[in-house]
2 protein chains.
Amino acid sequence: MELTGRQNLVLKKIYDYILVNSYPPSIRELAGMLYINSPRGISDHLYSLERKGYIERRSSARSIKLTWKALQILGQNTEKEALYLPLVGRIAAGRPVLAEENIEDHIPFPADMIRGNADFALRVHGDSMIGDHILNGDIIAVRSQPVAENGDIVVALIDDEAVVKRYYRKEKHVELRSSNPKYMPMLMKSDPIIQGKVVAVQRALR
Amino acid sequence: MELTGRQNLVLKKIYDYILVNSYPPSIRELAGMLYINSPRGISDHLYSLERKGYIERRSSARSIKLTWKALQILGQNTEKEALYLPLVGRIAAGRPVLAEENIEDHIPFPADMIRGNADFALRVHGDSMIGDHILNGDIIAVRSQPVAENGDIVVALIDDEAVVKRYYRKEKHVELRSSNPKYMPMLMKSDPIIQGKVVAVQRALR
DNA sequence: ATAATTACTATACATTTGTATAGTAATTAT
DNA sequence: ATAATTACTATACAAATGTATAGTAATTAT
């Protein structure tokens, strides 16, 4: 899924525009920059860029979002030292994790530790993941993703509550396991809602 | 040219929206967030914010740009300050810990996590403190102090090597204990050189 | 050899979006 | 006391904008 030369140029133009204006370009503005005479010409490129995972879009004006993958090849992530992740207070089912009303704070993580690859932070409640050395009160960095691989430490939604567990897909069900033996594995007949994968941990001592 | 409470809230909503979506909100989206039923309500706020120098705008969709002035007050309000600790590569006896030649990098920690109370960072080698959930590869924040209290997790110098251990003062000697049972406690007849106390931990997963 | 992908042109259309007009009520400044 | 500012409601409109339809030509994959 590599970019063609033209797609690469479009991506660079988007990046340049954002650097100058701090908000993304419209389709016709991009067309103008690239001397393309039809919005469809840009639309095609944007579909390709999205399909290949370099941008994300919603269907509203200027809603282009560069992904981590794009920022990497655009050579942006190298000089960042601290990356601020929004600390989400409560995750409710059916609402986007990063709804503004959920954001309580912003927590710095070393950029190279999460390699630009995390979307929000969460405070851990309880000792169910003590076997993985994730303790009550720890702040975890989470990468948003709706699926997980076996053994991943994930944030899942159980009864409107965000829980941190290890994910295991079995033949007939999904198991969410604590790493503290005093908690039983949760057997889910229906697939649980996965909010993301835990990629880093921070803890204050004392 | 100070902001009113309401204007401040509008500015914060814009900031939060950009953090989440990476592009600015439209006027009607802002109105929705603030339960305002007319675009004019937001327009008034945007004119005020621009007049007072907190945003810049062009007359196209989602063209709000936060100025440095805005980012300054927003940074203070919503972002925990990052405190950069020098990452010390090797601690040698008889030389100051923070000798320039030792500093390999600078690692951000959330300021409130260490409460301004740490002086350097260190990468952990080995699994001797696994019982305290400090793992091989973790980065710890250390407050410089030459003494410790019983039970403190400290950085000590043993044979020119920095070690992380729990400190216990007995009647006739000092014990430096690992929290991994496979390592024996070290009995020190002479007081070991204490470099400091561990106050925070950071870890990347996978 | 044929299908799929890439990279566009040209035009049309519905929605989104910024802006304008015309107000009200409460607060703050002069 | 009066004017200005703040903080809105309600509606209207034109421009900006994303998307759709219908194509073409060249290149790349199967």
Side-chain angles (χ1 to χ4, degrees), chain A residues 1-18 20-67 69-70 73 96 100, chain B residues 1-18 20-67 69-70 73:
Chain A
M1 279 306 210
E2 293 246 316
L3 292 182
T4 66
R6 201 66 176 147
Q7 287 165 1
N8 211 305
L9 187 59
V10 173
L11 188 62
K12 270 188 183 154
K13 289 288 177 188
I14 295 170
Y15 178 65
D16 288 346
Y17 187 101
I18 293 174
V20 172
N21 301 288
S22 83
Y23 54 85
S26 70
I27 285 178
R28 281 170 183 81
E29 283 171 343
L30 275 174
M33 287 179 221
L34 292 152
Y35 308 104
I36 289 172
N37 299 302
S38 167
R40 184 57 205 261
I42 295 296
S43 264
D44 276 354
H45 284 304
L46 294 185
Y47 285 130
S48 300
L49 286 172
E50 188 162 29
R51 181 168 46 82
K52 295 182 177 178
Y54 290 86
I55 63 170
E56 286 168 12
R57 298 179 72 208
R58 280 136 245 219
S59 61
S60 72
R62 301 171 187 276
S63 61
I64 300 173
K65 180 178 185 173
L66 298 177
T67 63
K69 199 172 170 184
I73 67 163
E100 284 86 8
Chain B
M1 277 306 209
E2 294 243 322
L3 292 181
T4 66
R6 201 65 177 147
Q7 288 165 1
N8 212 303
L9 187 59
V10 173
L11 189 62
K12 266 186 184 162
K13 289 288 177 188
I14 295 170
Y15 179 66
D16 286 345
Y17 187 102
I18 292 174
V20 172
N21 300 287
S22 82
Y23 52 86
S26 71
I27 285 178
R28 281 170 185 81
E29 282 172 342
L30 276 173
M33 287 179 220
L34 292 152
Y35 308 102
I36 289 172
N37 298 304
S38 168
R40 185 56 205 260
I42 295 296
S43 264
D44 276 354
H45 284 304
L46 295 184
Y47 286 129
S48 300
L49 286 172
E50 189 162 26
R51 180 168 46 83
K52 295 182 177 180
Y54 289 85
I55 64 171
E56 287 167 12
R57 298 179 73 208
R58 275 130 251 229
S59 60
S60 72
R62 301 171 186 276
S63 60
I64 300 173
K65 181 177 187 173
L66 297 177
T67 62
K69 196 173 172 183
I73 67 161

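A note on names: the letters A, B, ... follow the listed sequences, proteins ahead of strands, and every chain is numbered from 1. Basis for what follows: all heavy atoms, side chains included, without hydrogens, waters or symmetry-related copies. None of these values were measured; they are calculated from a predicted model.
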**Prompt:** D:dT6 P sits how many Å from B:L3 CG, rounded?
**Reply:** 10 Å
**Request:** Measure from the side-chain N and O atoms of B:E50 to the backbone N and O of B:R57, and report whether any donor-acceptor pair falls under 3.5 Å.
**Result:** yes
**Request:** Classify the nucleic acid contact of B:T4 as base, sugar-phosphate or nothing, counting any heavy atom under 4.0 Å across all strands shown.
**Result:** sugar-phosphate
**Message:** Just the rounded figure in Å: distance from P of C:dT17 to CD1 of A:I27.
**Reply:** 13 Å
**Request:** Check whether any side-chain N or O of B:H45 sits under 4.0 Å from OP1 or OP2 of D:dT6, and answer yes or no.
**Result:** no
**Prompt:** Using a cut-off of 4.0 Å on non-hydrogen atoms, how would the nucleic acid contact of B:R58 be classed: base, sugar-phosphate, or nothing?
**Reply:** nothing
**Prompt:** Has B:R40 got a side-chain N or O lying under 4.0 Å from the OP1 or OP2 atom of D:dA7?
**Reply:** no
**Step-by-step side chain to side chain contact (heavy atoms under 4.5 Å, CB included) determination, A:L3 to A:V10** = CA-CA 10 Å; A:L3 292 182; A:V10 173; over 6 Å; no
**Request:** Give a yes/no on whether any side-chain N or O of B:K52 is located under 4.0 angstrom from OP1 or OP2 of D:dT5.
**Result:** no
**Request:** Quickly work out the B:E29 CD to C:dT15 C1' distance and round it to whole Å.
**Result:** 13 Å
**Message:** Any base atoms under 4.0 Å from B:R28, or only sugar-phosphate, or nothing? Heavy atoms, all strands.
**Reply:** base
**Message:** Is A:Y47 close enough to D:dA20 that one of its side-chain N or O atoms is under 4.0 Å from OP1 or OP2 there?
**Reply:** yes
**Request:** Measure from CD1 on B:I42 to C1' on C:dG18 and round the result to the nearest Å.
**Result:** 13 Å
**Prompt:** Any side-chain N or O of B:S26 under 4.0 Å from OP1/OP2 of C:dT17?
**Reply:** yes
**Asked** Which part of the nucleic acid, if any, lies within contact of B:N37, taking any heavy atom under 4.0 Å across all strands shown: a base, the sugar-phosphate backbone alone, or nothing?
**Response** sugar-phosphate
**Message:** Rounding to an integer number of Å, can you tell me how far A:D44 CG sits from C:dT9 C1'?
**Reply:** 11 Å
**Item:** Atom pair NZ (A:K65) and CD1 (A:I18), whose distance is rounded to the nearest 0.5 Å
**Value:** 11.5 Å
**Value in whole Å for how far the C1' atom of C:dG18 lies from CD1 of B:I55** = 13 Å
**Prompt:** Applying a 3.5 Å limit to both distances, which nucleotide forms a Watson-Crick or G-U wobble pair with D:dA26?
**Reply:** C:dT5
**Asked** Quick one: B:L30 CG to C:dT16 P, roughly how many Å, whole number?
**Response** 16 Å
**Prompt:** Side chains of B:R6 and B:I36: closer than 4.5 Å at any heavy-atom pair?
**Reply:** yes
**Request:** Please state how far atom CD in B:Q7 lies from atom P in C:dT28, giving the value in whole angstrom units.
**Result:** 13 Å
**Message:** Mind checking if A:S38 touches a base, just sugar-phosphate, or nothing, with heavy atoms under 4.0 Å?
**Reply:** base
**Message:** Does any part of the side chain of A:R62, heavy atoms only, come nearer than 4.5 Å to the side chain of B:S60, both counted from C-beta?
**Reply:** yes
**Prompt:** Does A:R6 make a side-chain N or O approach to OP1 or OP2 of C:dC8 shorter than 4.0 Å?
**Reply:** yes
**Prompt:** Does A:Y23 have a side-chain nitrogen or oxygen under 4.0 Å from the phosphate oxygens OP1 or OP2 of C:dT17?
**Reply:** no
